[in-house]
**Q** 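Take a look at this one; I'll ask things after.
The structure displayed is predicted, hence computed values, not measured ones. Below, chain A is the first sequence line, B the second, and so on; all start at residue 1.
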Protein chains: 2
Amino acid sequence: MPDLCLKSAYAVGMQTPEPTLADVAARAGVSVATASRALTGARPVSDTLHRKVRDASRELGYRRNAVASALRLQRTETVGLVLPRYTTGFLSALIESVSDGLERNDLSLVLRYSEPDALHDVGNVESLMARRVDGIIICPSSLEASQESIEAAGPVPIVQVGRFVITDRSDSVGLDEDRATQMLMAHLVERSARRVLVVGLDPDAPADARRIRALRGAAEGAADVDVAPFTAAVLDGGIRAAERLVAAGPGALPDAIVCANDDVASGVLAVLRMRGIAVPGRVQVASLLDLSPGREDLTVTTLRHPWPEMGREAVRLLLDAQQSRREPGAERIARRVSLAPQLVPGHSTRDRTVPTAPDSKETP
Amino acid sequence: MPDLCLKSAYAVGMQTPEPTLADVAARAGVSVATASRALTGARPVSDTLHRKVRDASRELGYRRNAVASALRLQRTETVGLVLPRYTTGFLSALIESVSDGLERNDLSLVLRYSEPDALHDVGNVESLMARRVDGIIICPSSLEASQESIEAAGPVPIVQVGRFVITDRSDSVGLDEDRATQMLMAHLVERSARRVLVVGLDPDAPADARRIRALRGAAEGAADVDVAPFTAAVLDGGIRAAERLVAAGPGALPDAIVCANDDVASGVLAVLRMRGIAVPGRVQVASLLDLSPGREDLTVTTLRHPWPEMGREAVRLLLDAQQSRREPGAERIARRVSLAPQLVPGHSTRDRTVPTAPDSKETP
DNA sequence: TTGTAAGCGTTATCAG
DNA sequence: CTGATAACGCTTACAA
C-alpha cells in the first residue's frame with residue numbers, strides 16, 4: 001500500500017480537499033478525459049455531456065488545478081518581473097502596466113526585487129526559472145546586470161525594460177530620453193526662446209550631463225543654453241535657484257527655464273509669480289520630468305515618461321517571442337523598441353502663435 | 001505508443017530540455033529517490049553518493065522543477081498579493097515589504113491588481129486559488145470587497161491589510177489613523193497652537209472628513225480647527241493655499257498649519273519662508289502623511305505610515321496561520337494587528353520647551 | 001464522440 | 001542507507 005499521507009490528512013478532516021477533475025467526472029458520469037475536454041473546450045463534446053460536466057463542476061465548486069495543468073503542459077502561464085529596489089514612483093507605474101498587460105492574456109505575474117547589483121539580479125532570474133515561468137521581464141539595475149541576466153535566462157524569453165539594456169541579445173524596451181529632451185528644446189525655440197537656463201541638473205552626473213548635451217544639441221545656435229549652479233532637484237532647489245536669478249537683476253533673466261523635474265519647476269514658478277515676473281509672457285518654464293503620472297491638470301509644460309506604455313510593450317514583445325518560439329523556423333532576431341517621453345504642453349510655455357512679449361507684466 | 005509530443009518537440013531541437021532529476025540520477029549512477037534525498041536533504045544520504053549527486057547536478061545545470069514539486073507536495077510556496085489599482089506610493093511600499101518578507105522565507109509573490117470594486121477582488125482571489133497559492137494577502141478596496149474576498153478564499157489562509165478590513169473572519173493588519181491624527185494634534189496643542197488651519201483636505205471626501213473630525217476631536221476646545229478651501233493635495237496646492245493665506249494679511253495667519261501630506265507642506269513652507277514668516281516661530285507646520293518613506297533628512301513634522309511594517313506583519317501572520325493549519329487542533333482564532341502611523345517631529349514644529357514667540361521675525 | 005491510459009518531474013512510502 | 005514505485009491532477013494520443 002503506497003503513499004497515502006495526503007489522503008489520510010484529508011481523512012482526518014484537517015481540511016476539505018479541493019475537488020479534482022476525477023470528482024467532477026465521477027459526478028457527471030463521464031471519464032476524466034471527457035470532463036477535461038468539456039471544461040477546456042480543447043475537443044468537441046456532445047451537448048448533453050457538456051452540460052452534465054458543467055453542472056457537476058459547479059455543484060462541486062471545482063477549480064482547475066493550475067499546478068497540475070502546468071506540469072502536464074510544460075507551461076505555467078506565469079511571467080516573472082524583476083525590478084531593482086529603487087523607491088521611485090516610476091517602477092510602480094511599470095508594475096501596474098505589466099500586470100495589466102499580463103492579465104489581459106490570462107498570465108500571472110510573479111514579482112521579485114533585486115538589490116541593485118548584478119548578482120542579485122541573476123539569482124532572481126534563476127529562481128524564476130526554477131518556477132518554470134514562461135517568460136521574464138527585467139528592469140536591470142546596470143549594464144552588467146543586464147548582460148548576466150540575459151545569459152542566465154537561457155532559453156526562456158526575456159525582455160529588458162528601462163534605461164540599462166543590452167540590446168543585441170534580447171528584446172528590449174528602452175527610453176529615448178535624448179529625443180524627448182530635444183523635442184522640449186525645439187518647443188521652446190519655436191516659441192522664441194533665445195536664452196535658456198537649465199536648473200536642477202548636475203553637470204557632474206553622467207545622466208544629467210547627457211541631458212544638457214541633448215539640450216545644447218537641439219538648440220544648435222538658435223538659442224544659448226546656460227546651466228545654473230547646481231541645486232538639488234527638489235522644490236527647494238528650484239526656489240533657491242530662482243531667487244538667486246531674480247536677485248541678479250532683470251538683465252539676468254533668460255527667456256526660458258528648463259527644470260530637472262516638476263518639483264523644481266514648481267519652486268521656480270512660485271518665486272517668479274511672487275516677484276511679479278510673467279510666465280510665460282516674460283519667462284517660459286518647462287520641466288524634463290513629469291513626477292505625477294496620472295494628473296491631468298498640470299499647468300507646467302513637461303515631459304511625461306511612458307512607463308505605462310513600456311510595460312504594455314514589454315508584454316507584447318514577450319508574447320510575440322513566445323509565439324515565434326513555438327514555430328520551428330529560424331532563430332528570432334532581437335527587437336528593440338524605443339519609446340520617447342511625451343511632451344505635454346502646459347500654461348507655462350506660450351501658445352505657438354503668440355509672439356514674444358518680453359515687457360509684459362502680470363501680477364500673481 | 002503514447003503521447004510523445006513533448007519529447008518529439010525536444011528531438012526536433014526546438015529547445016534544449018531542462019535536465020530532470022532522472023538525468024541527474026542516471027549520471028550519478030543512483031536512483032531518483034537518492035538523488036532527490038541528496039539534493040533536498042530530506043533524508044540522510046551517504047557522503048560519497050551525496051557528492052556524486054551534487055556533482056552530477058552541477059554538471060548538468062540541474063534546476064529543481066518547482067511545478068512538479070508543488071504538485072507532489074501540495075504546496076506551491078507561493079503567496080498571492082491582491083491590491084487595488086490606486087496609484088499611491090504606499091502600495092508600492094507595501095509590495096516591497098511583502099515581497100521582502102516572503103523572500104526571506106523562500107516564498108514567491110504573485111501580484112494581482114483589482115479595479116476598486118468587490119467583484120474584481122473576488123475574481124482575483126479565485127484565480128489565485130486556481131494557482132493553488134499557499135496564502136493570500138489582500139488590501140481590500142472596500143468593506144464589501146473585504147467580506148466577499150474572505151469568503152472566496154475558503155480554506156487558504158488570508159490576511160487583510162490596510163484601511164478596510166473585516167476583523168472577525170480573518171487575520172488583519174490595520175492602520176489606526178485616528179489615533180495618529182490625534183497624536184499630531186496633541187503635539188501641536190502641547191506646543192501652544194490655538195488656531196489651527198487644515199490645508200489640502202477635502203471635507204467632501206469621506207476619508208478626509210474623518211481626518212478632520214479626528215483633528216477636531218483631539219483639539220477638544222484647546223484649539224480652533226479651521227479648514228482652508230480645498231486645494232489639490234499636491235505641492236502646487238500647498239503653494240496656492242499658502243499664498244492665499246498670506247495675501248489675506250497677518251491677522252489671518254493661524255498658529256499652526258496641518259497639511260494633507262508632505263508635498264502640500266513643502267509648498268506651504270516654501271511660501272512662508274519666502275514671505276519671511278518664521279517657521280516654527282510664528283507658524284508651525286505639520287503633515288498628516290509622510291510621502292517619502294526612507295528619507296531621513298525630513299525637516300517637517302509628519303506622520304509616517306508604517307507600510308513596511310504592515311507588509312512584514314502580514315507575512316508573519318500568514319506564516320503563523322499556515323503553521324497552525326498544519327497542526328490538527330482547534331480552529332485558529334483571528335488575529336487583528338493595528339499599527340499606528342508614527343509621529344516624526346521635524347523642525348517645522350517647536351521644541352516642546354520653547355515658549356510661544358508670536359512676534360518673532362526671521363528672514364529667509 | 002468517448003474511454004483508456006501514459007506521462008509531465010518530484011517526493012514519500014515501503015521493502016530491502 | 002538505498003532502490004523501486006505509486007501517487008500529485010491534468011491533458012492528450014490512440015483505440016474503440
**Q** What residues form a side chain to side chain donor-acceptor pair (under 3.5 Å) with A/R58, not counting sequence neighbours?
**A**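 Expected list: none.
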
**Q** Applying side chain to side chain donor-acceptor pair (under 3.5 Å), name anything that partners A/N124, two or more places apart in sequence or on another chain.
**A**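 Side chain to side chain donor-acceptor pair (under 3.5 Å) list for A/N124, sorted by chain: A/S114.
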
**Q** What nucleotide, of D/dT11, C/dT13, C/dC8, holds the atom closest to the side chain of B/R43?
**A**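 Output: C/dT13.
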
**Q** If you compare all heavy atoms of A/D121 against all heavy atoms of A/P140, which two are closest, and at what distance to 0.1 Å?
**A**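 In terms of heavy atoms, the two residues are closest at OD2-CA, 3.9 Å.
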
**Q** For A/S97, is there any backbone N or O sitting under 3.5 Å from a side-chain donor or acceptor partner on A/S99?
**A**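 Such a contact is absent between A/S99 side chain and A/S97 backbone.
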
**Q** Could you tell me the separation between the CZ atom of B/R131 and the C1' atom of D/dC8, rounded to a whole number of Å?
**A**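 Atom CZ in B/R131 sits about 17 Å away from atom C1' in D/dC8.
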
**Q** Which residues in residues 45-60 of chain B have a heavy atom closer than 4.0 Å to any atom of DNA chain D?
**A**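 B/V45, B/S46, B/L49 - these, ordered by number, are the residues of the stretch whose heavy atoms sit under 4.0 Å from the strand.
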
**Q** Using atom types as modelled and distance alone, determine if a side-chain donor or acceptor of A/R43 lies under 3.5 Å from a backbone N or O of A/G41.
**A**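 Answer holds: no.
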
**Q** Is it the case that the side chain of B/S149 and the backbone of B/A145 share a donor-acceptor pair, with hydrogens and angles ignored and the cut-off at 3.5 Å?
**A**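 Yes; at least one donor-acceptor contact below 3.5 Å.
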
**Q** Could you give the CD-to-C1' distance, from B/E77 to D/dC8, as a whole number of Å?
**A**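 From B/E77 CD to D/dC8 C1': 15 Å.
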
**Q** The side chain of B/R72 is closest to which nucleotide in this list: C/dT1, D/dA6, C/dC8?
**A**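 Closest nucleotide among those given: D/dA6.
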
**Q** Mark yes or no for whether B/S69, through its side chain, and B/N65, through its backbone, hold a donor-acceptor pair below 3.5 Å.
**A**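 Checking the backbone N and O of B/N65 against the side chain of B/S69, no donor-acceptor pair under 3.5 Å is found.
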
**Q** How sharply is the helix from C/dT1-D/dA16 to C/dG16-D/dC1 bent, taking the axes over five pairs at either end and rounding to 10 degrees?
**A**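 So the angle between the two local helix axes works out to 40°.
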
**Q** Can you sort out which residues in residues 34-41 of chain A have a heavy atom within less than 4.0 Å of DNA chain C? Ascending by number, please.
**A**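 By residue number: A/T34, A/R37.
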
**Q** If we ignore hydrogens and angles and just use 3.5 Å, is the side chain of B/S172 paired with the main-chain N or O of B/V161 as donor and acceptor?
**A**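 Between the backbone of B/V161 and the side chain of B/S172 there is no qualifying donor-acceptor contact (under 3.5 Å).
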
**Q** Could you check whether any side-chain N or O of B/T76 sits under 3.5 Å from a backbone N or O of B/R132, counting only pairs where one atom can act as donor and the other as acceptor?
**A**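 Yes; judged by distance alone, with no hydrogens or angles, the pair exists.
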
**Q** For A/D134, is there any backbone N or O sitting under 3.5 Å from a side-chain donor or acceptor partner on A/Q322?
**A**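 Side chain of A/Q322 to backbone of A/D134: a pair is present.
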
**Q** Whole angstrom is fine here: how far is it from CG in A/L21 over to P in D/dT11?
**A**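 It works out to 7 Å between those atoms.
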
**Q** What's the closest nucleotide to the A/Y62 side chain, out of C/dT10, D/dC1, D/dC10?
**A**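 Selected nucleotide: D/dC10.
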
**Q** Would one find more than 12 heavy atoms of other residues, nucleotides or ligands at under 6.0 Å from atom CZ of A/R63?
**A**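 More than 12 heavy atoms, drawn from other residues, nucleotides or ligands, come within 6.0 Å of this atom.
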
**Q** Would you call B/R27 and B/D55 a salt bridge, using N to O less than 4.0 angstrom?
**A**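 A salt bridge is absent here (no side-chain N lies under 4.0 Å from a carboxylate O).
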
**Q** For D/dT11, does OP1 or OP2 lie under 4.0 Å from any side-chain N or O of A/R64?
**A**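 For D/dT11, OP1 or OP2 has a side-chain N or O of A/R64 closer than 4.0 Å.
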
**Q** Round to a whole Å and report the spacing from CG of A/N65 to P of D/dA7.
**A**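 My rounded result for the distance is 18 Å.
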
**Q** Nearest whole angstrom, please: distance from the P of C/dT10 to the CG of B/L73.
**A**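 Interatomic distance, CG of B/L73 to P of C/dT10: 11 Å.
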
**Q** Could you check how far CD of B/Q74 sits from P of D/dC10, rounded to whole Å?
**A**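 One finds 10 Å between P of D/dC10 and CD of B/Q74, rounded.
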
**Q** Would you say a side-chain N or O of B/R75 is under 4.0 Å from OP1 or OP2 of D/dC8?
**A**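 So the side chain of B/R75 is outside the cut-off, no N or O lying under 4.0 Å from OP1 or OP2 of D/dC8.
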
**Q** Quick one: A/R132 CZ to C/dG9 C1', roughly how many Å, whole number?
**A**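 Checked: the CZ to C1' distance equals 9 Å.
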
**Q** Please check this pair: side chain of A/R85 against backbone of A/L83, looking for a donor-acceptor N/O pair closer than 3.5 Å.
**A**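 No, because the side chain of A/R85 does not come within donor-acceptor range (under 3.5 Å) of the backbone of A/L83.
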
**Q** Distance-only, no hydrogens or angles: does the A/H120 side chain make a donor-acceptor pair with backbone N or O of A/E115 under 3.5 Å?
**A**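 Indeed, once roles are kept as given, a pair shorter than 3.5 Å links the two residues.
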
**Q** Among residues 23-32 of chain A, which ones have heavy-atom contacts with DNA chain C below 4.0 Å?
**A**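 Output list: A/V30, A/S31.
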
**Q** For A/R63 and D/dC10, give me the distance from atom CZ to atom P, rounded to whole Å.
**A**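 From A/R63 CZ to D/dC10 P: 12 Å.
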
